[in-house]
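Structure record follows, encoded as structure tokens.
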Amino acid sequence: MPDSIPVRTRFAPSPTGSLHIGGLRTALFNWLFARHHHGQFILRIEDTDQKRYDPNALQTLIEALRWAGVDWDEGPDIGGPFAPYVQSERLDLYQQWANWLVEHGKAYRSYETAEELEQMRKGQEQRKEQPGYNRAHRSLTPEQRAAYEAEGRAYVVRFAMPLEGQTTVRDLVQGEVTFDNAVQQDMVLLKSDGFPTYHLAHVIDDHLMEISHVMRAAEWLPSLPLHVQLWQAFGWKMPEYAHLPVMLNPNGKGKMSKRNPPKDARGNVIPVLVHDYMNAGYLPEAMDNFLTNIGWNFGDEREVFSMAEAIERFDTDRINAANSAFPPEKLDWLNGVYIRDMDDVELARRLRQPLEAAGFEVNVDTLLRVVPIVKTRIKTLNDVVSMAGFFFRETFLPAAPEQIIQKKMDAASTVQTLQAAVAVLAGIDEADFVTQTLYDAVQPLTETLGISNGQLFGALRVAVTGQTVSTPTFESMEIIGKDETLRRLKQATALVSAKL
RNA sequence: GGCCCUAUCGUCUAGCGGUCUAGGACGUGGCCCUUUCAAGGCCAAAACACGGGUUCGAGUCCCGUUAGGGUCACCA
């Protein structure tokens, strides 16, 4: 289904730090939309605020997007027909068009100093007036202007917003939105340092880069009338706008932000940056699926789907206009789903990193054998460390004797149990040291010892793994091997004996 | 406070006038399985904010109220 106008969307973050989780969702939606319509997705860097510029941010940003599997057709790293894709390298363009607006009476130079503006705001506050620029320099006489110029004053270029009438836009998500022009501000388009503000830069770039659809967070909705008027002032064809619902804190109070860190139901801090999720062991597949499900719905009552499937049916008509709270439990659940569904070899590959980061030397053969018994037990990749890290520990860390002793047992009965198990296990050939054989050999001991499976297996499990919460007993023994299993059981016997 | 947006289970959502005694998912509770922890299976509790209209008929359309959110910079 060929579209009449080629779809071109963009993600235009400002490089002020690592990518915000909400930013990733915005990127994802733009990307999904472009891919669905067989169009292009562009990455553009909006570094027009010199005060907030972070030189490492671009790299981090790219890293996060790549991690999530978002790819772009044009961007600062790969160039493209409308390069450069970094706004600080396009300054002359913005200045040129700002001048054009001034020359055509659509904008004007404003010479107030920061202090003067501060004064004005204070006055407004005292008089309990609505804050905003008073348009003092909107109609300066040529003489006044010349005087300020002669003074050598710096100036900003402000947009001359229409003073009456209304601005109505049909937003793809929000529907028809109408604003009174009279309450709008004469916003700054070009700052005194020669850099453009977002308002000016995005309109010029979206025009020049032939962007067809602007999908951005609903936080931008209040400045939409300004943008619409800017498009009209330039006489350019406006792209479609789609304002995405804002992602709110898990409790629904306020949007997710770095200041004011969100918390989950138990009071744990919820990370806001994509890198935090990367480091916490979340899978990009799960993260993408999760984020795509907030504010958009796959349909058919399906919640688990790949990005390839999402691309097939992604469109703006299923985007919800209502804001939504960030559901952290759902992310954990989804991540678990993806871990369980993953091929063992692939999962092993991904488990390696967190294991090594925890200081373990990873034996790949062992890891491959461990994967099947951990995959249903972990929610994040990092969970493997606490659940199965012991398989890779250089020297075994035995559990405390109290932990080896099971419910309704004492040191004496535990020692008796461990010794009985050692006797049985010692008689099994190394080649037969596999789960089922071990189970069949050991289980009958419950009869002779008069204890339950739970007591028997529990004692052995804690003795052999060193953990009260761990992978299952016999599976773990098989991986650990006969010699080491026996050694650990004897060590545990000694440990508990000391309690007699 | 002004302006704008939104309003279905605790949460993410389905629902686009009759098929809604409102569906799915997460979470929660219970049961089963069980060797810890999970996973898995089964079951349960849980919502159309309120008030007016429109209509034969409203969760679905309109208005108001209330509530929540966003935004009011030479930041994006």
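Within every chain, numbering begins at 1; the chains are lettered A, B, ... in the order of the sequence lines, protein sequences first and strands thereafter.
Residue A:Val156 is classed as a base contact, given a heavy-atom separation below 4.0 Å to a base. Within the 4.0 angstrom heavy-atom criterion, no nucleotide atom of any strand lies near A:Pro372. Among the protein residues, A:Gln403 comes within range of no part of the nucleic acid, since none of its heavy atoms lies under 4.0 Å from any strand. Using a 4.0 Å heavy-atom criterion, one finds that A:Gly295 contacts the sugar-phosphate atoms exclusively. Among the atoms of the strands shown, only primed sugar atoms or phosphate atoms (P, OP1, OP2) are found under 4.0 Å from some heavy atom of A:Gly254. If you check every strand for non-hydrogen atoms under 4.0 Å, A:Thr16 touches nothing. A:Pro472 comes within contact range of at least one nucleobase, with a heavy-atom separation under 4.0 Å.
Looking at A:Ser14, its side chain has no donor and acceptor atom pair within 3.5 Å of the base of B:rC75. Residue A:Thr376 places no side-chain atom within donor-acceptor reach of the base of B:rA39, judged by atom type and a 3.5 Å distance cut-off alone. With hydrogens and angles ignored, a donor-acceptor pair under 3.5 angstrom links the side chain of A:Thr473 to the base of B:rU35.
Using a 4.0 Å cut-off, no side-chain N or O of A:Asn320 falls inside it from OP1 or OP2 of B:rC12. Applying the 4.0 Å criterion to OP1 and OP2 of B:rA38, one finds that A:Lys375 has every side-chain N and O outside that range. For A:Lys255 and B:rG69, the shortest distance from a side-chain N or O to OP1 or OP2 is not below 4.0 Å. A sub-4.0 Å separation between OP1 or OP2 of B:rU13 and a side-chain N or O of A:Ser324 is present. For the OP1/OP2 pair of B:rA76 and a distance below 4.0 Å, the side-chain nitrogens and oxygens of A:Lys191 include at least one atom meeting the criterion. A sub-4.0 Å separation between OP1 or OP2 of B:rA76 and a side-chain N or O of A:Thr48 is present.
Atom CG of A:Asn323 and atom P of B:rC4 are 17 Å apart (whole Å). Counting to the nearest Å, the C1' atom of B:rC75 and the CD atom of A:Glu219 are 12 Å from each other. When the C1' atom of B:rG68 is taken as reference, atom CG of A:Leu248 falls 8 Å away, rounded to whole Å. Rounded to a whole Å, the CD atom of A:Gln124 is 17 Å from the P atom of B:rG2. Taking atom CD1 of residue A:Ile319 and atom C1' of nucleotide B:rU13, one finds them 15 Å apart after rounding to whole Å. Between the CE atom of A:Met187 and the C1' atom of B:rC3 there is a distance of 14 Å, rounded to whole Å. Note: CZ (A:Phe179) to C1' (B:rC3) measures 8 Å, nearest angstrom.
Exactly one of A:Asp205, A:Asp206, A:Asn30 qualifies for a side chain to side chain donor-acceptor pair (under 3.5 Å) with A:Arg10. That residue is A:Asp206. Of the options A:Gln124, A:Met187, A:Met120, a side chain to side chain contact (heavy atoms under 4.5 Å, CB included) to A:Tyr133 is made by A:Met120 and by none of the others.
Nearest to the side chain of A:Pro222, among B:rC12, B:rG70, B:rC74, sits B:rG70. Considering only side-chain atoms of A:Arg318, the nucleotide from B:rC5, B:rG70, B:rG15 that sits closest is B:rG15. Closest to the side chain of A:Gln130, out of B:rU6, B:rG2, B:rC3, is B:rG2. Distance from the side chain of A:Val246 is smallest to B:rG70 among B:rC75, B:rC3, B:rG70. When the nucleotides B:rC5, B:rC37, B:rC75 are ranked by their closest atom to the side chain of A:Leu221, B:rC5 comes out on top.
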Protein within reach of the bases, or only the backbone? For nucleotides 22-32 of chain B, mark each nucleotide 5' to 3' as B, S or -, using heavy atoms under 4.0 Å. -BBBSS-----
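Nucleotide B:rC20: unpaired (no Watson-Crick or G-U wobble partner with both distances less than 3.5 Å). The nucleotide B:rA67 finds its pairing partner in B:rU6, both defining distances of the Watson-Crick or G-U wobble pair being shorter than 3.5 Å. Checking B:rG59 for Watson-Crick or G-U wobble geometry (two distances, each under 3.5 Å) identifies no partner in any strand. Across all strands shown, nothing is found opposite B:rU34 as a Watson-Crick or G-U wobble partner with both distances under 3.5 Å. Look at B:rA25: its Watson-Crick or wobble partner, with both distances under 3.5 angstrom, is B:rU11.
For RNA chain B, the neighbouring residues in residues 444-461 of chain A, judged by any heavy atom under 4.0 Å, are A:Asn453, A:Gly454, A:Phe457, A:Arg461.
Note on A:Arg313 versus A:Asp300: salt bridge recorded, some NZ/NE/NH1/NH2 to OD/OE distance being below 4.0 Å.
Residues A:Arg158 and A:Met387 each lie close to RNA chain B; by heavy-atom proximity, the contact nearer the 5' end of the strand is made by A:Met387.
B:rG24 and B:rA46 have their P atoms separated by 14 Å, with the value rounded to a whole Å. The gap from the C1' atom of B:rC9 to that of B:rC20 amounts to 15 Å, rounded to the nearest Å.
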